[in-house]
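Each chain gets a letter, A, B and so on, in the order the sequences are listed, and its residues count up from 1.
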Amino acid sequence: MSIQKPSLPKGTRDFGPLQMARRNFILDTIKDTFKLFGFQQLETPSMENLSTLTGKYGDEGDQLLFKILNSGNYLKDVEATDLEKGTAHVLPKVSEKGLRYDLTVPFARYVVMNRNEITFPFKRFQIQPVWRADRPQKGRYREFYQCDADVVGTDSLLCEVEILLMIKRVFAQLGISDYSVKVNNRKILTGLSEVIGEQGREGELCVAIDKLDKIGWEKVQEELAQRNFSADAVKKLEPIIGVNGSNEEKLAFLKSFLSTSEVGLQGVQELEEVTRLLTIYGESQEHLDVDVVLARGLSYYTGAIFEVKVNNVSIGSVSGGGRYDNLTGVFGLDGVSGVGFSFGVDRIYDVMDELGLFPQENLDQTKVLICHFDQAGFEYGLKVLQLLREAGIRSELFPDVTKFKKQLTYADKKNVPYVLVLGDDELVNQTATIKHMASGKQETVALGALIEQILE
RNA sequence: GUGGUUGUAGCUCAGCUGGUUAGAGCGCUGGUUUGUGGCACCAGAGGUCGCCGGUUCGAACCCGGUCUCCCACCCCA
């Protein structure tokens, strides 16, 4: 049998101890924040029935779903004629489950299935991996974590405000300072399409306009023309493209620009209300950037939309979300509106790495390593180990009776700050020698004083 | 799904127009130092040059295929 080189599936990663410490730092910050704002945790299975997942993300999305082959003889229902009809016809016969593509759809499914137990408004957060069969590239993986927080069952704009507050808190705690939270409202985009005389085509308008900062106004014009937007409409859109100034100025401009669109004005008003509530709460508008051309692809958004971009890094958006009117409609429960957003931990990690924001020292390292010279010292060490752990000190005993040098090298490599040296003298006198690795200084203390000495 | 790119030691990479036994740095193991790490010096282990086929007296190098990695597009976190 030949030995095969192990490898990982495309777009997946291992997380080593250092990466895990860092990821947990991010994850814990996010989790703490969600809890502080009254969100409760939910987990759903990695796999869902394919019928739950398909048709929720558009044709492209269905392509990107990982499907799970049925167990056993998965070909038993497939006829030769099915194969001729193509993959779309065979798929439901060989696969009835798929891996979760995002956390929103499973959440919607959960809400519908538990509608009688849930009291609304329902605030939940969910931190789990999702899978997409997309081609990986920078900042893009086939398995990655999402950290979603959603509130369903209320139209209050307080939810939007709280999303902004949570984003600000998380980024402040992570030490990311140069970022902007772009905000817009789908109603404004609807209004725009009305005002330029292309009513009802905001979806297409969004797709094109969303690329503005990437490909520039010239190319966006081309794309709009390609999508059969009239030259007149494109021309009418022009003033919007160059709009800048403070958020108030932008909103004032929008008010006049959208004066003939009732929906558009409503969108503006909602944004104004959000900023007003934010001010009452006592929070500044720092990092907040009303962005008229922010569109976001997801079609189910109907109100506010958010996107967070960290400046001066090569990574795309690290967080985003918005309000939707009818989350659960496809599962037969109408009238559940909500608003939600998601942190992309993997991208936040990449951003922090690129900016060098991770704390230098490993946060959950062993504090004390017990070293010894022989079996007697090892056994004495075992007793001392118990004392240390009883006191809640992260500690370990070197497991082999071996050269002292090897033990110290181990401590050094693992960045353990203290080493206990246990030899004959220490054993006879019931003492321990504490060596401080950084300075090299050491001191012998009685066992009774050991804990106190290390904790100080 | 489309286009491009990469593959040589555990890691980062050299390797000339095809020419004997494929190299370096870092890391690893051992030693200088049998109760003391980092630094230094010395020694050592470690490679089917992604895989398969072809051209050639001869291939890490040229050609074809395949896999893989990464990057861009589409879309997205």
Side-chain angles (χ1 to χ4, degrees), chain A residues 2-13 16 26 30 57-65 87 100-104 127-148 206-208 210-211 214-215 219 223 295-299 306-310 314-322 340-351 369-374 376-377 398 401-427 432-442 444:
Chain A
S2 66
I3 298 164
Q4 56 160 338
K5 229 192 239 174
S7 64
L8 287 172
K10 199 194 279 279
T12 66
R13 300 145 298 159
I26 298 172
I30 292 171
Y57 311 105
D59 291 342
E60 290 256 0
D62 285 357
Q63 292 297 112
L64 297 180
L65 283 174
T87 51
R100 136 168 38 84
Y101 179 88
D102 71 357
L103 301 178
T104 307
I127 299 176
Q128 290 188 274
V130 302
W131 294 270
R132 294 184 187 180
D134 168 335
R135 197 173 287 200
Q137 51 183 284
K138 186 161 193 168
R140 192 167 219 197
Y141 309 98
R142 284 182 147 180
E143 179 187 59
F144 61 96
Y145 274 71
Q146 286 191 331
C147 308
D148 274 30
C206 286
V207 172
D210 194 39
K211 298 175 185 164
K214 215 179 208 174
I215 62 177
K219 296 268 181 189
E223 180 156 347
R296 287 185 67 77
L298 291 174
S299 51
F306 312 94
E307 189 158 286
V308 183
K309 176 91 181 72
V310 178
S314 56
I315 319 283
S317 72
V318 294
S319 173
F341 80 114
S342 180
F343 286 109
V345 213
D346 300 276
R347 285 191 174 178
I348 291 176
Y349 184 102
D350 289 346
V351 163
L369 175 73
I370 302 172
C371 301
H372 43 79
F373 299 96
D374 50 27
F398 200 89
V401 176
T402 181
K403 289 200 189 74
F404 203 69
K405 178 185 169 121
K406 189 178 165 75
Q407 302 181 46
L408 282 187
T409 303
Y410 174 82
D412 196 40
K413 284 283 150 61
K414 213 170 161 179
N415 259 311
V416 178
Y418 297 100
V419 160
L420 287 195
V421 184
L422 302 185
D424 291 341
D425 295 347
E426 285 84 0
L427 177 53
T433 298
I434 306 170
K435 180 182 175 73
H436 184 234
M437 291 296 279
S439 65
K441 282 181 188 154
Q442 48 188 67
T444 304

For A:Tyr349, all residues meeting ring-ring contact (aromatic ring centres under 6.0 Å, His included), sequence neighbours excluded
A:Phe358
Please report the distance separating the P of B:U20 from the corresponding atom of B:A45, rounded so that it comes out in whole Å.
22 Å
What residues, two or more places apart in sequence or in another chain, satisfy side chain to side chain donor-acceptor pair (under 3.5 Å) together with A:Gln128?
A:Gln126
Using the six-membered base ring of B:A77, report whether A:Phe343 stacks on it, requiring centroids under 5.5 Å and planes under 30° apart.
no
Excluding sequence neighbours, so at least two apart, what forms side-chain contact (heavy atoms from CB on, under 4.5 Å) with A:Ala133?
A:Phe66
Among all residues two or more places apart in sequence or in another chain, which pass the ring-ring contact (aromatic ring centres under 6.0 Å, His included) test with A:Tyr145?
none
Taking the P atom in each of B:A60 and B:G7, what is the distance between them to the nearest angstrom?
16 Å
In whole angstroms, the gap separating P of B:C76 from CD of A:Gln146 amounts to 13 Å
B:C13 to B:C71 separation - P atoms, rounded to the nearest Å:
14 Å
For nucleotides 68-70 of chain B, tabulate all protein N/O to nucleotide N/O atom pairs closer than 3.5 Å, reporting atom names and distance.
unit_1: B:C69; atom_1: OP2; unit_2: A:Lys10; atom_2: NZ; d: 3.2

Rounded to whole angstroms, how far apart are CZ on A:Arg347 and C1' on B:C76?
7 Å
Integer angstrom distance from the P of B:G50 to that of B:G10
13 Å
If a protein heavy atom is under 4.0 Å from the base, mark B; if only from the sugar-phosphate, S; if neither, -; do that for nucleotides 32-41 of chain B going 5' to 3'.
B--BBBB---
Taking the P atom of each, how far is B:G30 from B:G18, in whole Å?
44 Å
Are the side chains of A:Leu420 and A:Ile434 in contact, using a 4.5 Å heavy-atom criterion?
yes
Report which part of the nucleic acid A:Tyr141 touches: base, sugar-phosphate, or nothing (heavy-atom distance under 4.0 Å, all strands).
base
For A:Ser317, answer base if it contacts any base atom (sugar-phosphate contacts may also be present), sugar-phosphate if it contacts only those atoms, and nothing otherwise; contact means non-hydrogen atoms under 4.0 Å.
sugar-phosphate
I'd like the C1' distance from B:C69 over to B:U6, given in whole Å.
6 Å
Could you work out, with side chain to side chain donor-acceptor pair (under 3.5 Å) as the rule, every residue matching A:Tyr418, not counting sequence neighbours?
none
A:Tyr410 vs A:Val416 side-chain heavy atoms within contact, under 4.5 Å:
no
Using atom CZ of A:Phe341 as one end and atom P of B:A77 as the other, report the distance to the nearest whole Å.
14 Å
Secondary-structure notation, RNA chain B, from Watson-Crick and G-U pairs under 3.5 angstrom (| other strand):
((((..(..((((.....[...)))).(((((.......))))).....(((((..]....))))))..))))....
Give the rounded distance in Å between these two atoms: OH of A:Tyr57 and C1' of B:C76.
13 Å
Provide, to the nearest angstrom, the distance between the CH2 atom belonging to A:Trp131 and the P atom belonging to B:A77.
17 Å
Any chance you could measure A:Arg132, atom CZ, to A:Glu143, atom CD, to the nearest 0.5 Å?
13.0 Å
Whole angstroms only, please: what is the CG-P distance between A:Asp148 and B:A77?
10 Å
B:U8 and B:C49: how far apart are their P atoms, nearest whole angstrom?
11 Å
Between A:Asp62 (CG) and B:C74 (C1'), how many Å, whole number?
16 Å
Going by salt bridge (Lys or Arg N to Asp or Glu O under 4.0 Å), name the residues that satisfy it together with A:Asp134, two or more places apart in sequence or in a different chain.
A:Arg140
Taking only residues two or more places apart in sequence, or in another chain, which ones meet A:Arg13 in a salt bridge (Lys or Arg N to Asp or Glu O under 4.0 Å)?
A:Asp346
Sequence neighbours excluded, which residues qualify as side chain to side chain donor-acceptor pair (under 3.5 Å) partners of A:Ser319?
none
So what does A:Gly139 touch, heavy atoms closer than 4.0 Å: a base, only the sugar-phosphate, or nothing?
base
Would you compute the distance between atom OH of A:Tyr57 and atom CG of A:Leu65 and round it to the nearest 0.5 angstrom?
7.0 Å
Spacing between A:Lys406 atom NZ and B:G30 atom C1', to the nearest angstrom:
11 Å
Sequence neighbours left out, what passes side chain to side chain donor-acceptor pair (under 3.5 Å) with A:Thr433? Give chain and number order.
A:Glu426, A:Thr444
Could you measure between the two C1' atoms, the one in B:G46 and the one in B:G38, and give it in whole Å?
25 Å
